[in-house]
Amino acid sequence: MASIPYGRQTVEAEDEAAVLAVLRSDFLTTGPMVERFETGFAAFVGASCAVAVSSGTAALHLAMLSLDLTPGDEVIVPPLTFVATANAVLYAGGTPVFADIDPDTLLIDPAAAAAQIGPRTRAIVGVDYAGQPCDWAALKALAVRHDLVLIADACHAPGGADRGRPVGTLADLSTFSFHPVKHLTTGEGGLIVTDDPDRAARLKRLRNHGIDKDHRRRAQAADHRYDVVELGFNYRLTDLQCALGLAQLGRLPAWLARRRTLAARYERTFQNHPSVRPLARRGEAEHAWHLFVVRCTGPLQGRRDALFAALRDRGIGTAVHYPPVHLTRLYRERLGTGPGLCPVAEAAYEEILSLPIFPGLGEADQDRVTQAVDEIARLS
Ligand SMILES: *Cc1c(COP(=O)(O)O)cnc(C)c1O
């Protein structure tokens, strides 16, 4: 039997045709597809400005750079996230400060974030873990009260919403990733959305070495001169990749619907299940279901790694999202973090497992997953 991965991209004939057309055109990197993809993605999330970059990590890095942090400035982040969320703060010369998560949703706890705000706090990052939007209204209130920038690491949640407002419009800056396991792919890729055109212009400059005009603008102005006004990077996304992203974007609504159908099937199967329990949902939020995370309980309590291994033996791929960032060696050594700092995240980490969910997952394959979980639980 073929093995089932925990996540997988969908690439179809129209994607291939879109990329091939660019390959045969004049522009392989910065060309017309970049702006078309940016405009399309901004429209999808309801934001006014978008800046496409080479990865989700680059998006977070530039978002942090745009804060102009000085040494000692702090940015509040949750511990249960991909390490790039916190690394971006370090790249930009700031100090990540960890605020623990809610024990039921595993989203950053606004009260824990409030407790970490101090004189050097500059920003709060919310991560829409698994695709479920954070309590953005509470985070926004904190940001306004303390004059902080609010950043959404929305890499899991394009298409999600909080209280009817789409992810991408809930923070000052929202970052996305187009890695193949995410909702849509450009191979590697990322993007930042904001409603502030000045911030967007700065981010575009930072993705291109800090140069004041890109080559197309120079060509249009028939002027070879340019200046470098700050230290930037080459974080450009290519036209080839943007063509792929734009082709994928058209099918994103259908893919989201498919993820929601699969999640609803898992939730039906696992509600009141003796061994695995889905994460709690926020009633006000529209989930985008990047991941379907369950917690081991009952006979599987403390046996998450056994479940992982037994599923793997049955050809079913799962993953653990994520080792808490503050427990990694880098953070222990750099910041002196360690066990006990975020007890809720530390306890959750021992219990969580992400089951397969992606648009191409068939219902028969999903049933294979749930039957395998049942069987493993019975044998435990
Ligand atoms: C995927 C991801 C990133 C990083 O994105 P890349 O495109 O892989 O660089 C950052 N944060 C979260 C929460 C992610 O899931």
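Read the numbers this way: they start at 1 and go in the same order the structure lists the ligands and their atoms. Numbering of residues begins at 1 and proceeds along the displayed sequence.
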_Please check whether E188 reaches ligand 1 - meaning an N/O of the residue sits under 3.5 Å from an N/O of the ligand, judged on distance alone._
no
_Per-atom contacts, ligand 1 versus G189 - under 4.0 Å to a heavy atom_ = 7 (O)
*Salt bridge between E286 and R260, side-chain N to carboxylate O under 4.0 Å?*
yes
*Could you check atom 11 (N) of ligand 1 against the protein and tell me its nearest heavy-atom contact, residue, atom and distance included?*
D153 OD2, 2.8 Å
*How are the rings of H156 and Y129 set to each other: parallel, tilted or perpendicular (split at 30° and 60°)?*
tilted
*Looking at ligand 1, does any of its N/O atoms fall within less than 3.5 Å of an N/O of V127?*
no
*For atom CZ of R265, is the number of surrounding heavy atoms from other residues, nucleotides or ligands below 6.0 Å larger than 12?*
yes
*Enumerate the atoms of ligand 1 whose separation from the nearest heavy atom of L60 is less than 4.0 angstrom.*
10 (C)
*Contact partition for T175 relative to ligand 1, non-hydrogen atoms under 4.0 Å*: neither
*Does K182, backbone or side chain, put an N or O under 3.5 Å from an N or O of ligand 1?*
yes
*Can A58 be said to touch ligand 1, with heavy atoms closer than 4.0 Å?*
no
*Decide, yes or no, whether a salt bridge links D68 with R202 under the criterion of side-chain N to carboxylate O below 4.0 Å.*
yes
*ligand 1 and H179, any nitrogen or oxygen pair closer than 3.5 angstrom?*
no
*Is it true that a side-chain atom of E267 and a backbone atom of P278 form a donor plus acceptor pair closer than 3.5 Å?*
no
*Under the 3.5 angstrom rule, does the side chain of D212 hit a backbone N or O of D227 as a donor-acceptor pair?*
yes
*Say whether, by atom type as modelled, one donor and one acceptor occur between the side chain of D102 and the main chain of T105 under 3.5 angstrom.*
yes
*Ion pair R312/D305, N-O distance below 4.0 Å*: no
*Dump the intermediate steps for salt bridge (Lys or Arg N to Asp or Glu O under 4.0 Å) on E188 and K182, then the final yes or no.*
CA-CA 10 Å; E188 297 282 357; K182 306 292 165 71; over 6 Å; no
*Any donor-acceptor N/O pair, H209 side chain to I211 backbone, under 3.5 Å*: no
*What residue and atom, counting heavy atoms only, is the protein's closest point to atom 9 (O) of ligand 1, and at what distance?*
T57 OG1, 2.5 Å
_Quick check on contacts: which atoms of ligand 1 are under 4.0 angstrom from a heavy atom of H156?_
13 (C), 14 (C), 15 (O)
_Would V181 count as a contact residue for ligand 1, given that I'm defining contact as a non-hydrogen atom of the residue lying under 4.0 Å from a ligand atom?_
no
*At the 4.0 Å heavy-atom cut-off, does Y322 count as touching ligand 1?*
yes
*Residue T81 vicinity, atoms of ligand 1 by number, heavy atom under 4.0 Å*: 13 (C)
*What are the atoms of ligand 1, with element, lying closer than 4.0 Å to any heavy atom of G56?*
5 (O), 6 (P), 7 (O), 9 (O)
